[in-house]
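Shown next, in C-alpha coordinates, is the structure this report addresses.
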Amino acid sequence: MPNERSNQSGFNDIKQVEMSVLSAEHMVGQATRSMDEEQVEAATNALHDAKQQLQKAMSHQTGVDQAFFEMSHELLEKADHQLKEAKE
(Lines give C-alpha, C1' and ligand atoms only; values in the text may rest on other atoms or scores of the structure.)
Protein backbone atom coordinates (compact mmCIF):
# COMPACT_ATOMS: atom_id res chain seq x y z
CA MET A 1 0.00 0.00 0.00
CA PRO A 2 2.77 2.59 0.70
CA ASN A 3 4.13 1.90 -2.78
CA GLU A 4 0.74 2.78 -4.27
CA ARG A 5 0.77 6.07 -2.38
CA SER A 6 4.23 7.04 -3.71
CA ASN A 7 3.17 6.10 -7.24
CA GLN A 8 0.01 8.19 -6.86
CA SER A 9 2.06 11.09 -5.52
CA GLY A 10 4.47 10.80 -8.42
CA PHE A 11 1.55 10.79 -10.84
CA ASN A 12 0.06 13.87 -9.17
CA ASP A 13 3.41 15.68 -9.42
CA ILE A 14 3.60 14.84 -13.12
CA LYS A 15 0.04 15.99 -13.76
CA GLN A 16 0.67 19.26 -11.89
CA VAL A 17 3.81 19.90 -13.92
CA GLU A 18 2.01 19.12 -17.16
CA MET A 19 -0.89 21.43 -16.33
CA SER A 20 1.33 24.27 -15.11
CA VAL A 21 3.56 24.06 -18.22
CA LEU A 22 0.53 24.13 -20.53
CA SER A 23 -0.97 27.03 -18.60
CA ALA A 24 2.29 29.00 -18.66
CA GLU A 25 2.69 28.43 -22.42
CA HIS A 26 -0.85 29.61 -23.04
CA MET A 27 -0.45 32.69 -20.86
CA VAL A 28 2.88 33.62 -22.47
CA GLY A 29 1.28 33.31 -25.90
CA GLN A 30 -1.58 35.60 -24.92
CA ALA A 31 0.70 38.08 -23.19
CA THR A 32 3.11 38.34 -26.11
CA ARG A 33 0.26 38.89 -28.56
CA SER A 34 -1.47 41.57 -26.51
CA MET A 35 1.55 43.03 -24.68
CA ASP A 36 -0.87 43.98 -21.91
CA GLU A 37 1.20 44.69 -18.79
CA GLU A 38 -1.08 42.68 -16.51
CA GLN A 39 -1.00 39.68 -18.84
CA VAL A 40 2.78 39.89 -19.13
CA GLU A 41 3.06 39.92 -15.34
CA ALA A 42 0.61 37.01 -15.01
CA ALA A 43 2.57 35.06 -17.63
CA THR A 44 5.82 35.77 -15.78
CA ASN A 45 4.26 34.46 -12.57
CA ALA A 46 2.86 31.39 -14.35
CA LEU A 47 6.32 30.60 -15.74
CA HIS A 48 7.85 30.96 -12.29
CA ASP A 49 5.20 28.67 -10.77
CA ALA A 50 5.64 26.07 -13.52
CA LYS A 51 9.41 26.05 -12.99
CA GLN A 52 8.87 25.51 -9.26
CA GLN A 53 6.45 22.64 -9.95
CA LEU A 54 9.00 21.06 -12.28
CA GLN A 55 11.80 21.35 -9.71
CA LYS A 56 9.56 19.86 -7.02
CA ALA A 57 8.58 16.94 -9.24
CA MET A 58 12.18 16.32 -10.26
CA SER A 59 13.26 16.21 -6.63
CA HIS A 60 10.61 13.55 -5.92
CA GLN A 61 11.34 11.37 -8.94
CA THR A 62 9.95 7.90 -8.50
CA GLY A 63 10.61 5.97 -11.68
CA VAL A 64 9.35 8.81 -13.84
CA ASP A 65 10.40 9.08 -17.45
CA GLN A 66 13.34 11.50 -17.63
CA ALA A 67 12.23 12.55 -21.12
CA PHE A 68 9.10 14.12 -19.62
CA PHE A 69 11.21 16.35 -17.37
CA GLU A 70 13.52 17.31 -20.21
CA MET A 71 10.61 18.17 -22.50
CA SER A 72 8.92 20.21 -19.78
CA HIS A 73 12.14 22.07 -19.09
CA GLU A 74 12.61 22.84 -22.79
CA LEU A 75 9.05 24.10 -23.16
CA LEU A 76 9.48 26.39 -20.17
CA GLU A 77 12.79 27.70 -21.48
CA LYS A 78 11.21 28.49 -24.86
CA ALA A 79 8.28 30.27 -23.22
CA ASP A 80 10.67 32.17 -20.95
CA HIS A 81 12.74 33.25 -23.97
CA GLN A 82 9.59 34.30 -25.86
CA LEU A 83 8.43 36.41 -22.93
CA LYS A 84 11.85 38.03 -22.46
CA GLU A 85 12.02 38.90 -26.16
CA ALA A 86 8.56 40.45 -26.01
CA LYS A 87 9.50 42.58 -23.00
CA GLU A 88 12.44 44.15 -24.86
Side-chain angles (χ1 to χ4, degrees):
M1 188 73 88
N3 196 18
E4 267 182 43
R5 182 167 287 152
S6 66
N7 286 342
Q8 184 66 30
S9 174
F11 175 78
N12 288 339
D13 285 348
I14 297 300
K15 202 63 177 162
Q16 284 183 321
V17 169
E18 183 179 8
M19 297 307 292
S20 64
V21 168
L22 290 173
S23 177
E25 282 185 307
H26 178 75
M27 292 177 80
V28 167
Q30 283 187 313
T32 57
R33 281 190 295 276
S34 73
M35 288 311 295
D36 177 77
E37 282 187 43
E38 287 181 17
Q39 285 187 339
V40 169
E41 185 176 337
T44 301
N45 292 337
L47 268 173
H48 176 75
D49 292 346
K51 287 178 182 182
Q52 284 185 320
Q53 286 289 336
L54 179 60
Q55 288 296 342
K56 177 184 172 192
M58 288 176 69
S59 71
H60 295 120
Q61 286 184 40
T62 51
V64 175
D65 185 6
Q66 188 64 30
F68 171 80
F69 289 126
E70 290 172 12
M71 182 187 71
S72 296
H73 180 72
E74 283 181 33
L75 291 172
L76 290 174
E77 288 301 312
K78 286 179 185 176
D80 193 35
H81 179 74
Q82 179 181 349
L83 192 57
K84 285 178 183 173
E85 288 286 317
K87 286 180 181 180
E88 292 180 359

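Throughout, numbering of the chain's residues begins at 1 and tracks the sequence.
E41 is not listed as a side-chain neighbour of E38, based on a closest heavy-atom distance of 4.5 Å or more. Q52 places none of its side-chain heavy atoms less than 4.5 Å from the side chain of K56.
Atom CD1 in I14 sits 8.5 Å away from atom CG in L54 (nearest 0.5 Å). One finds the CD atom of Q16 at 12.5 Å from the OG atom of S23 (value rounded to the nearest 0.5 Å). Rounding to the nearest 0.5 Å gives a distance of 7.0 Å between CE of M71 and CD of E18. Atom CG of L76 is separated from atom CG of D49 by 11.0 Å, given to the nearest 0.5 angstrom.
The two residues V21 and A50 come nearest to each other via the heavy atoms N-CB, 4.1 Å. Heavy-atom minimum distance, A46 versus M27: CB-SD, 3.5 Å. Between D80 and L47, the shortest heavy-atom distance links the atoms CA-CD1, 3.6 Å. Residues M58 and F69 share a closest heavy-atom pair of CG-CD2, 3.3 Å. Heavy atoms only, all atoms of each residue included: K87 and T44 are closest at NZ-OG1, 3.0 Å.
Under 3.5 Å, the side chains of S20 and Q53 contain no donor-acceptor pair of N or O atoms.
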